[in-house]
Enquirer: 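Just dropping this structure here.
By convention in this document, chain letters (A, B, ...) are assigned in the order of the sequence lines, proteins followed by strands, and residues within each chain are numbered from 1.
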Amino acid sequence: MPASLNQIVPTPQSNYDQLSITEATGIQKKLRGFLNLDPLEKQIRTIAGADISLSLGSDTVYAGMIILSYPDLKPVAYSLIKSTTAFPYVPGYLAFREIPALLQAYEQIPEKPDVVMFDGNGFLHARRMGIASHFGVLTGTVTMGCAKKKLAGIYQEPGESRGAYTPVIDKGEQIGFALRSKEKVKPVFISPGHNMSFDDSMNITLKCLNKHRLPEPTRKAHEYVNLFRNGELKEGYHEIKELRLF
DNA sequence: GCGACAG
DNA sequence: ATCTTGTCGC
């Protein structure tokens with residue numbers, strides 16, 4: 001992580017497991033000062049989905065990031081890492097439980113993706129520092145969040161048609177969107193993580209939707225980490241061979 | 001004190 | 001998140 005940040009937050013890999021909630025809150029408040037939500041200027045060529053798979057009653061975590069071409073959304077590579085976590089799941093502090101392993105998965109990717117979409121929130125957080133924003137500030141990358149449940153704020157139910165969305169507001173400030181990603185399903189919650197705007201997060205998400213409720217990046221990430229946990233995929237970085245029909 | 005509460 | 005079978009509905 002950037003040298004300037006190394007002075008104010010502990011190294012995720014070695015020190016997140018031992019933090020108290022009070023200390024974790026302090027770190028989130030410090031990181032918040034580095035958050036940038038300016039519009040994304042460069043064009044997107046690849047987007048990654050990040051997720052974790054866990055076994056019940058085990059501290060082992062199967063983390064992974066799957067890279068897709070954009071806007072084609074074809075899987076081109078994936079990075080898998082088996083690790084452990086000691087920090088418990090506490091609403092509002094998901095980053096401290098999942099980021100150490102996700103950082104390992106990210107670091108072993110030779111050609112970094114232009115955007116990383118997390119299975120969780122970014123700005124849509126009580127202290128505006130959900131896992132997507134936390135990871136983004138730590139690594140200086142472009143990130144966003146897509147959660148299956150609301151973490152904070154209030155919102156009006158979006159229209160029933162696919163693509164309808166409403167703002168999620170907290171303390172008079174917009175912190176994200178509630179999006180009907182598919183007809184007749186509960187909405188998903190979208191928010192920018194770091195180095196992109198609210199509009200960017202919504203536009204990117206809409207381009208990543210197909211027939212499913214979850215956008216392709218996180219849907220594929222979830223699929224891959226589960227295959228990894230079941231032993232059907234191996235740890236490490238792997239490129240997906242282009243399927244040639246002749 | 002009460003309700004909410006990502007994965 | 002994960003544990004689990006069938007089942008209801010588009």
Enquirer: To the nearest Å, give me how far apart OH (A:Tyr93) and P (B:dA4) are.
Expert: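 In whole Å, B:dA4 P lies 19 Å from A:Tyr93 OH.
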Enquirer: Between B:dA6 atom P and A:Lys186 atom NZ, what is the distance in whole Å?
Expert: 14 Å
Enquirer: Using atom CG of A:Asp119 as one end and atom P of C:dA1 as the other, report the distance to the nearest whole Å.
Expert: 7 Å
Enquirer: Would you mind reading off the distance between A:Ile154 atom CD1 and B:dA4 atom P, rounded to a whole angstrom?
Expert: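 Value for this atom pair: 13 Å.
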Enquirer: Would you say A:Ser53 reaches C:dT2's phosphate, i.e. side-chain N/O to OP1/OP2 under 4.0 Å?
Expert: yes
Enquirer: Just to be sure I understand the rule, does A:Leu94 reach a base, reach only the sugar-phosphate, or reach nothing, if contact means heavy atoms closer than 4.0 Å?
Expert: base
Enquirer: Do the two ring centres, one from A:Phe34 and one from A:His194, sit under 6.0 Å apart?
Expert: no
Enquirer: Taking only Watson-Crick and G-U wobble pairs with both distances under 3.5 Å, what dot-bracket line describes DNA chain C, where [ ] shows pairs that cross earlier ones and | shows pairs with another strand?
Expert: ..........
Enquirer: Do any pairs count as a ring-ring contact (aromatic ring centres under 6.0 Å, His included) and have a residue in residues 198-218 of chain A, sequence neighbours left out, and if so which ones?
Expert: A:Phe123-A:Phe198
Enquirer: Using modelled atom types only, decide if a donor and an acceptor are shared between the side chain of A:Arg180 and the backbone of A:Val185 within a distance under 3.5 Å.
Expert: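 Yes, A:Arg180 side chain to A:Val185 backbone: donor-acceptor pair under 3.5 Å.
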Enquirer: With a 4.0 Å cut-off on N to O distance, would you call A:Asp119 and A:Lys148 a salt bridge?
Expert: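 Salt bridge between A:Asp119 and A:Lys148, a charged N being under 4.0 Å from a carboxylate O: yes.
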Enquirer: Report yes if at least one side-chain N or O of A:Tyr89 is closer than 4.0 Å to OP1 or OP2 of B:dA6; otherwise report no.
Expert: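 Affirmative; the distance criterion is met.
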Enquirer: Any base atoms under 4.0 Å from A:Gly92, or only sugar-phosphate, or nothing? Heavy atoms, all strands.
Expert: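 A:Gly92: base contact, heavy atoms under 4.0 Å.
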Enquirer: Is there aromatic stacking of A:Phe189 against B:dA6, centre distance under 5.5 Å, plane angle under 30°?
Expert: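 A:Phe189 vs B:dA6: stacking no.
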Enquirer: Can a side chain N or O of A:Arg127 be found less than 4.0 Å away from OP1 or OP2 on B:dA6?
Expert: no
Enquirer: Crowded around A:Lys112 NZ? As in, over 12 foreign heavy atoms under 6.0 Å?
Expert: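 Yes, NZ of A:Lys112 has more than 12 neighbouring heavy atoms, counting only those of other groups under 6.0 Å.
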Enquirer: Measure CD1/A:Ile131 against P/C:dA1 and give the value in whole Å, please.
Expert: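 It is 13 Å, rounded to the nearest whole Å.
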Enquirer: Kindly say if A:Asn226 contacts the phosphate of C:dT2, meaning a side-chain N or O under 4.0 Å from OP1 or OP2.
Expert: yes
Enquirer: Look only at the side chain of A:Asn36 and the backbone of A:Asp38, and say whether a donor-acceptor pair between them is shorter than 3.5 Å.
Expert: yes
Enquirer: Please give, in whole Å, the distance from B:dG7 P to A:Glu98 CD?
Expert: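 Going from CD in A:Glu98 over to P in B:dG7 covers 9 Å.
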Enquirer: Is a donor from one side chain sitting under 3.5 angstrom from an acceptor on the other, for A:Gln108 and A:Ser79?
Expert: yes
Enquirer: Rounded to whole Å, please give me the gap between CG in A:Leu56 and P in C:dC3.
Expert: 7 Å
Enquirer: Centroid separation under 6.0 Å, is that true for the rings of A:Tyr155 and A:Phe189?
Expert: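 Between A:Tyr155 and A:Phe189, which both carry aromatic rings, the centre distance is below 6.0 Å.
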Enquirer: Could you tell me if the ring centre of A:Tyr224 sits under 6.0 Å from that of A:His238?
Expert: no
Enquirer: Can you measure A:Lys148 atom NZ to B:dA6 atom P for me and round it to whole angstrom units?
Expert: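 Spelled out: NZ on A:Lys148 to P on B:dA6 is 10 Å.
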Enquirer: Could you tell me whether the side chains of A:Ser53 and A:Asn226 share a donor-acceptor contact shorter than 3.5 Å?
Expert: yes
Enquirer: Can a side chain N or O of A:His125 be found less than 4.0 Å away from OP1 or OP2 on B:dG7?
Expert: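 Answer no for this pair, as no side-chain N or O of A:His125 is under 4.0 Å from OP1 or OP2.
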Enquirer: Classify the nucleic acid contact of A:His134 as base, sugar-phosphate or nothing, counting any heavy atom under 4.0 Å across all strands shown.
Expert: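 No contact at all - A:His134 keeps every heavy atom at 4.0 Å or more from the nucleic acid.
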Enquirer: Nucleotide by nucleotide, 5' to 3', does protein get under 4.0 Å of the base (B), only the sugar-phosphate (S), or neither (-) in nucleotides 4-10 of chain C, counting heavy atoms?
Expert: ------S
